[in-house]
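Encoded as structure tokens, the structure appears first; notes follow it.
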Amino acid sequence: MARNTQTFVCQNCGTTYGRWQGKCDGCGEWNTITEETAGVASAGPGKAPRKGRAFALEPLSGNTQEAPRLACGIAEFDRVTGGGFVRGSVLLVGGDPGIGKSTLLIQTAAMLARAGERVVYISGEEAVAQVRLRADRLGLAQTPVELAAETSVEDIIATLSTGKTPRLVVIDSIQTMWTDTVDSAPGTVTQVRSAAQVLIRFAKRSGACIILVGHVTKDGQIAGPRVVEHMVDAVLSFEGEGAQHFRVLRAVKNRFGPTDEIGVFEMTGGGLAEVANPSQFFLSERDRGTPGTAVFAGIEGTRPLLVEMQALVAPTSLGTPRRAVVGWDPSRLSMVLAVLEAHCGVRLGGHDVYLNVAGGLRIVEPAADLAAAAALVSSLTGASLPADAVYFGEVSLSGIVRPVAQTAARLKEAQKLGFGRAVIPEGAQADSENTGLAVASVSTLQGLVADIAASAPSQAERSPDVPTQNQGIGRAGRSVTRMR
Ligand code: TYD
Ligand code: MG
């Protein structure tokens, strides 16, 4: 007799267990494990396996056509996909709720439909009227996009199989889809995985390109099974700060293109607008020329990311000065402060120190040491750092600035975002060639401190009511920075 085995699956990472438990050992999340029926494929002991069908094998050297691409006409999107949507490919677009995934995809769908392609938009979250309302607002209501509010994958496939094969199908959100072949509720790992499988099979068979929208958990992972990420051809993530208007689309995985390109958009009243010159856009959000800010060229996972580090160093009125940090490791801040005091002659004992990573990001990389130190010294001395410079490098306890991984990727991102120079560890020079940036290498933290202190306004130039702070710097080290 066939037995329906119950398994317990973590809805966050997909780890399976034989019995329920509160915490997932796989990802460490609490209360994410739910009971699921393990599929239908559990053949009973008496059931003979299906007899296989022989298929033709092909030589490796066959004549394969170049994967035909379809550019959607939104340049920032095409840049990220590597030049357009490949026939028969499946893309997963992830992002926080409300970030603009549906907006981006309805705009993309409308662009292609206008160009004469058959485009189908299936919404599992919104009613047809709501999608129409959005399209109306975006001025796209007259485009021939075919629309439906459906959640049954079998019905969707049946519909898509009739008539001309659509060139692009948008499934707004894979988490709302369900298939008859499994009993689990929609949104569970098993359902999402099976529904994705059915859709992927359809894409490969028909040549239609399918874009799946995926929700993201609070720590930025595509919610539900990571396995969907392995099944699809490309995973794009749509990111941005809720309060700010810029949005960044980046490829986390791409079988048909690079993963280090980003697409930058601005959310406007009329939908998403491409930002052709991101540097201008990003720089306009910054307090340029203000002492105490440094741009850090970081890597988030495999993705380069530029963030602004803001420091405020102010004389304290307390017995024990305050050290407050948002978005960075407090013990790393203590370490950088200790190195500044011990090796660079920067006296901070009488100062409160605040450090903030702009935009609410959290940085864990040691490579942020140099940017943090630059922001701190800049705030202390009142010398603003060059607005077009990025900083990265790990600071050792002896004050040596050590190279970090992926120098080239950081510099490429900085260049893409319009920065003109970079202050990097001396040892990292080898792979910094051909980036178009003016690269200044620094071997010790003393060198950086001396350079910043040298550009500080002298006491005479400052207005009398600005209290001078550069008495904080005592013996400054010899400058070892040189421009190439
Ligand atoms: P939406 O595409 O629905 O987000 P997602 O599908 O990722 O959940 O975008 C919703 C947000 O975008 C909403 O907060 C309003 C904003 N928005 C604009 O600012 N301008 C616009 O033209 C549109 C359509 C949305
Ligand atoms: Mg949506």
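None of these values were measured; they are calculated from a predicted model. We count ligands from 1, going down the list as the structure has it; atoms in each ligand are counted the same way.
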Taking all atoms of both residues into account, what is the closest heavy-atom pair of [X] and [Y], and its distance?
| X | Y | value |
| --- | --- | --- |
| Val120 | Pro166 | CG2-CB, 3.9 Å |
| Phe296 | Phe392 | CE1-CB, 3.8 Å |
| Gly28 | Lys23 | O-CE, 3.5 Å |

Task: Partner of Leu91 by side chain to side chain contact (heavy atoms under 4.5 Å, CB included), out of Leu212, Asp233, Thr81 - done: Thr81

TODO: Could you tell me which residues satisfy ring-ring contact (aromatic ring centres under 6.0 Å, His included) with Tyr121, sequence neighbours excluded, listed by chain and number?
DONE: none

- [ ] Let me know which protein residues bring a heavy atom to under 4.0 Å of ligand 1; chain then number is fine for ordering.
- [x] Asp96, Pro97, Gly98, Ile99, Gly100, Lys101, Ser102, Thr103, Arg134, Arg137, Leu138, Met267, Thr268, Gly269, Gly270, Gly271

Open item on the list: Checking Glu125 now: which residues fulfil salt bridge (charged side-chain N to carboxylate O under 4.0 Å, His left out) with it, not counting sequence neighbours?
Closed with: none

TODO: Spell out, as yes or no, whether a donor-acceptor pair under 3.5 Å connects the side chain of Glu29 to the backbone of Asn12.
DONE: no

TODO: State, yes or no, whether a side-chain contact exists between Val119 and Arg167 at a heavy-atom distance under 4.5 Å.
DONE: no

Task: Ring-ring centroid check Phe85 Phe77, cutoff 6.0 Å - done: yes

- [ ] Report the protein N/O/S neighbours of the Mg ion (ligand 2) that fall below 2.8 Å; do not count waters.
- [x] Ser102 OG

